[in-house]
Number of protein chains: 2
Amino acid sequence: MRKKVTLKQIAKELDVSISTVSKSLRDSHEISEDTRLKVQAFAKLYNYKPNNIALSLKNKKTKTIGIIIPEIVHHFFATVISGIEQVANENGYNVIVCLSDESFDKEVINLEMLANGSTDGFIMSLSKETQQKRDFHHIQEVINQGMPVVLFDRVTNDVFCDKVIIDDKQAAFDAVHFLIEQGFKKIALITTVDYVSVGKLRTDGYKKALKSNNISVDEELIIKIEDIENCAVKIENLIKEQNCDAIFAVNELFAVTAIKIAAKNNLKVPDDISVIGFTDGIISQFSTPSISTVSQNGIKMGRKAAQMLIDRLELEDEEDEHYKTEIIETNLIVRESTTTK
Amino acid sequence: MRKKVTLKQIAKELDVSISTVSKSLRDSHEISEDTRLKVQAFAKLYNYKPNNIALSLKNKKTKTIGIIIPEIVHHFFATVISGIEQVANENGYNVIVCLSDESFDKEVINLEMLANGSTDGFIMSLSKETQQKRDFHHIQEVINQGMPVVLFDRVTNDVFCDKVIIDDKQAAFDAVHFLIEQGFKKIALITTVDYVSVGKLRTDGYKKALKSNNISVDEELIIKIEDIENCAVKIENLIKEQNCDAIFAVNELFAVTAIKIAAKNNLKVPDDISVIGFTDGIISQFSTPSISTVSQNGIKMGRKAAQMLIDRLELEDEEDEHYKTEIIETNLIVRESTTTK
DNA sequence: TTTCAACACGAAAACGTTTTCGCGAGCTAT
DNA sequence: ATAGCTCGCGAAAACGTTTTCGTGTTGAAA
């Protein structure tokens with residue numbers, strides 16, 4: 001087993017000082033060509049690579065970005081990570097991923113764990129529980145310690161930092177407006193409970209679209225799902241009791257479930273009922289019928305978030321407290337689950 | 001901005017030595033209760049937390065696991081990460097994720113980057129390109145340096161280390177055997193090119209099942225997909241020209257695509273043709289009809305891999321070269337895409 | 001011959017820990 | 001009174017780097 005070789009060992013072998021070795025490898029002009037070449041040859045032979053940990057300690061920079069997200073088994077989050085990783089890689093950064101599992105405590109623990117020197121900054125999306133408690137002291141804490149944080153998707157106004165979001169309200173508005181344009185009048189909404197920020201915003205967009213088209217909002221047509229487990233019954237009730245002609249769902253799980261339940265009740269999508277989802281994930285693309293949806297462009301979101309974080313890290317000198325909120329454009333992808341009335 | 005406080009700063013403030021502070025915080029009996037409590041109170045006040053990087057350097061342990069996978073936007077890999085993260089967390093480890101993007105070069109770069117002190121060991125699944133080139137020197141290299149490596153799913157016999165796999169051949173055998181039991185005779189196979197190890201194994205299982213049931217293997221019924229882009233035409237040809245009564249697909253993308261194309265050609269699944277996929281991902285669960293499939297249990301795979309790696313890390317003393325290959329059991333999930341003939 | 005610059009290199013500090021060892025003060029026992 | 005022991009603490013090394021500064025040797029200029 002050939003353990004990694006250090007500067008000290010090279011120095012000893014070649015009978016020079018550690019400084020000389022270090023300088024040689026960094027092509028310092030202080031070192032004679034003779035020595036320099038000798039050292040470089042030796043280093044190459046033994047495959048010397050500087051130890052990252054030592055460098056991190058010395059430079060007070062880890063070149064590592066911490067990502068904290070609710071869960072990874074979720075296509076949208078996976079795409080965001082993918083985007084972050086691209087930009088991180090292009091800039092010589094690594095990413096370390098922690099999952100909060102939608103738990104406030106885990107979010108805090110992970111954050112504190114990584115804040116002790118492991119990362120230079122964070123990119124995160126809030127857990128449900130955190131959004132519910134509205135407790136963001138842990139995030140404020142790391143910001144106060146001088147670590148940049150970028151929030152994405154599930155953000156909050158209560159903490160000042162860079163953010164990357166989509167215009168959830170506008171996107172929902174567009175989707176519902178599209179349905180109205182196609183001639184639908186009785187449009188139901190399947191959304192989340194209000195404390196999930198994006199759910200709330202999409203609900204707002206839905207209502208706004210109806211109002212601006214002079215359709216009154218019927219609360220009977222709106223169902224709010226708490227947890228995914230028992231959503232089926234609620235949706236079934238909706239479909240059976242209200243004979244709506246279209247459904248807007250705030251995520252693709254709700255959308256595909258609605259489609260399945262419609263089929264079960266002998267309603268064909270899109271002939272009998274049109275459905276639009278949110279998030280252009282695997283489900284929307286591959287289900288039958290494929291689902292018209294609002295594309296969030298997770299890759300772009302991740303890339304943007306990473307770029308903002310790295311910019312702030314490399315700026316570094318004086319930190320301007322001028323935080324930005326970037327809005328990633330969405331677009332409506334029309335597929336088979338919608339038609340014209 | 002309250003920067004993180006260090007031992008040195010505490011020592012200075014309290015006018016004691018660094019050693020005294022360190023020992024106090026670690027409840028050393030060498031320190032009088034007076035001093036100990038004083039230091040602890042002060043440390044708590046200033047929210048002292050030891051710097052991970054410094055600890056890593058000192059202990060020569062990072063408590064970090066490197067994960068290198070082909071891509072993260074892939075439900076199976078996401079579940080594996082999820083499983084790894086669970087066990088890592090339970091044991092006080094962090095995970096740092098790198099994506100090879102199916103590229104050999106990126107795999108090498110990532111591996112070398114992380115091998116320079118950033119992680120204690122690796123969990124990885126080979127990129128397609130790596131499997132094609134059959135070049136594993138980079139992996140052997142880090143193993144030689146004394147870093148444990150656990151390979152999962154896409155593994156190779158050419159490198160000696162711990163592995164976690166499913167019995168791909170057996171699982172495929174079971175799936176095809178199930179189809180035969182249901183009365184199907186003309187069973188097609190949609191698989192990958194042979195250098196993808198798991199694709200090859202599943203193909204073998206398919207053939208074995210046919211033979212053991214005295215059905216001859218018809219190469220016309222087997223199509224091998226190189227890249228996902230142009231799989232549709234090949235599958236369409238298959239469905240049109242061979243009137244098979246069932247299809248076994250080696251992943252869920254192939255399966256769902258087959259179903260879509262069947263529908264396009266006025267063949268109903270499962271009435272006209274039965275389909276079994278591989279990988280119990282989002283698609284299989286939510287497509288219509290839902291897809292019968294072989295469940296790989298990614299979470300379990302990830303948990304097992306992490307446990308094996310950590311065991312080896314904590315064993316540490318003498319490394320027994322006795323590498324194990326764990327096999328995660330699979331199970332056939334029967335849903336709507338299959339029926340009886 | 002003296003002076004001074006250039007050259008080539010080494011010593012040491014610094015990053016933040018933990019841990020071993022040593023040392024002085026105070027006490028007990030002979 | 002003195003040896004020896006315990007207690008409480010500090011100095012220093014170690015992990016692997018980079019970088020500043022100092023220093024000795026050499027050669028050339030005055």
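Per chain, numbering begins at 1; letters A, B, ... match sequence-line order. FYI, side chains are in, hydrogens and waters are out, and symmetry mates aren't considered; it's all heavy atoms of this structure.
Using modelled atom types, one finds a donor on one side chain and an acceptor on the other under 3.5 Å when comparing B:Ser127 with B:Thr130.
Distance, B:Glu30 CD to C:dT20 P: 9 Å, rounded to whole Å. Atom NZ of A:Lys8 is separated from atom P of D:dT18 by 15 Å (rounded to the nearest Å). Residue B:Leu57 contributes atom CG, which lies 12 Å from atom P of C:dT17 at whole-angstrom precision. Atom NE2 of B:His29 is separated from atom C1' of D:dC9 by 13 Å (rounded to the nearest Å). Taking atom CD of B:Gln9 as the reference point, atom P of C:dG16 lies 7 Å away to the nearest angstrom. Atom CG of A:Asp27 is separated from atom P of D:dT18 by 12 Å (rounded to the nearest Å). Whole-Å rounding puts the A:Asp15 CG to C:dC9 C1' distance at 13 Å. In this structure, A:Ile18 atom CD1 and C:dA13 atom C1' are separated by 13 Å, rounded to whole Å.
Look at B:Lys23 and you won't find any side-chain N or O under 4.0 angstrom from OP1 or OP2 of C:dT20. Regarding contacts with the backbone of C:dC9, every side-chain N or O of A:Arg36 stays at 4.0 angstrom or more from both OP1 and OP2. Checking the phosphate oxygens (OP1, OP2) of C:dC15, no side-chain nitrogen or oxygen of A:Lys61 falls inside 4.0 Å. For C:dT19, the OP1/OP2 oxygens have a side-chain nitrogen or oxygen of B:Arg26 closer than 4.0 Å. Phosphate contact (OP1/OP2 of D:dG16, side-chain N/O of B:Lys60, threshold under 4.0 Å): present. Residue B:Ser22 places no side-chain N or O under 4.0 Å from the OP1 or OP2 atom of C:dT19.
Electrostatic pairing of B:Asp101 and B:Lys106 counts as a salt bridge here, judged by a charged N lying under 4.0 Å from a carboxylate O.
Here B:Glu13 contributes atom CD and B:Tyr46 contributes atom OH; the two are 6.0 Å apart, rounded to the nearest 0.5 Å. Put simply, CD on A:Gln307 and CG on A:Leu309 are 10.0 Å apart, with the number rounded to the nearest 0.5 Å.
Where B:Thr20 and B:Asn59 each meet DNA chain D at their nearest nucleotide, the meeting point lying more 5' is that of B:Thr20.
Nucleic acid contact for A:Thr35: sugar-phosphate only, since backbone atoms but no base atoms lie under 4.0 Å from a heavy atom of the residue. Counting non-hydrogen atoms under 4.0 angstrom, B:Leu55 reaches the backbone sugars and phosphates but no base. Using a 4.0 Å heavy-atom distance criterion, B:Ser19 is classed as a base contact.
Scanning residues 46-53 of chain B for heavy-atom distances under 4.0 Å to DNA chain C yields B:Tyr48, B:Lys49, B:Pro50, B:Asn51.
You'll find that the side chain of B:Lys58 is closest to D:dC15, out of C:dA14, D:dC15, D:dG8. Comparing D:dT17, D:dC15, D:dA12 against the side chain of A:Leu7 picks out D:dT17 as the nearest.
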I'd like a list of close polar pairs between nucleotides 23-25 of chain D and the protein, N/O only, cut-off under 3.5 Å.
none

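When the local axes at the two ends of the helix from C:dT1-D:dA30 to C:dT30-D:dA1 are compared, using 5 base pairs at each end, they differ in direction by 80° after rounding to 10°.
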Test salt bridge (Lys or Arg N to Asp or Glu O under 4.0 Å) applied to B:Lys63 and B:Asp120, step by step: CA-CA 6 Å; B:Lys63 287 289 220 172; B:Asp120 296 340; over 6 Å; no
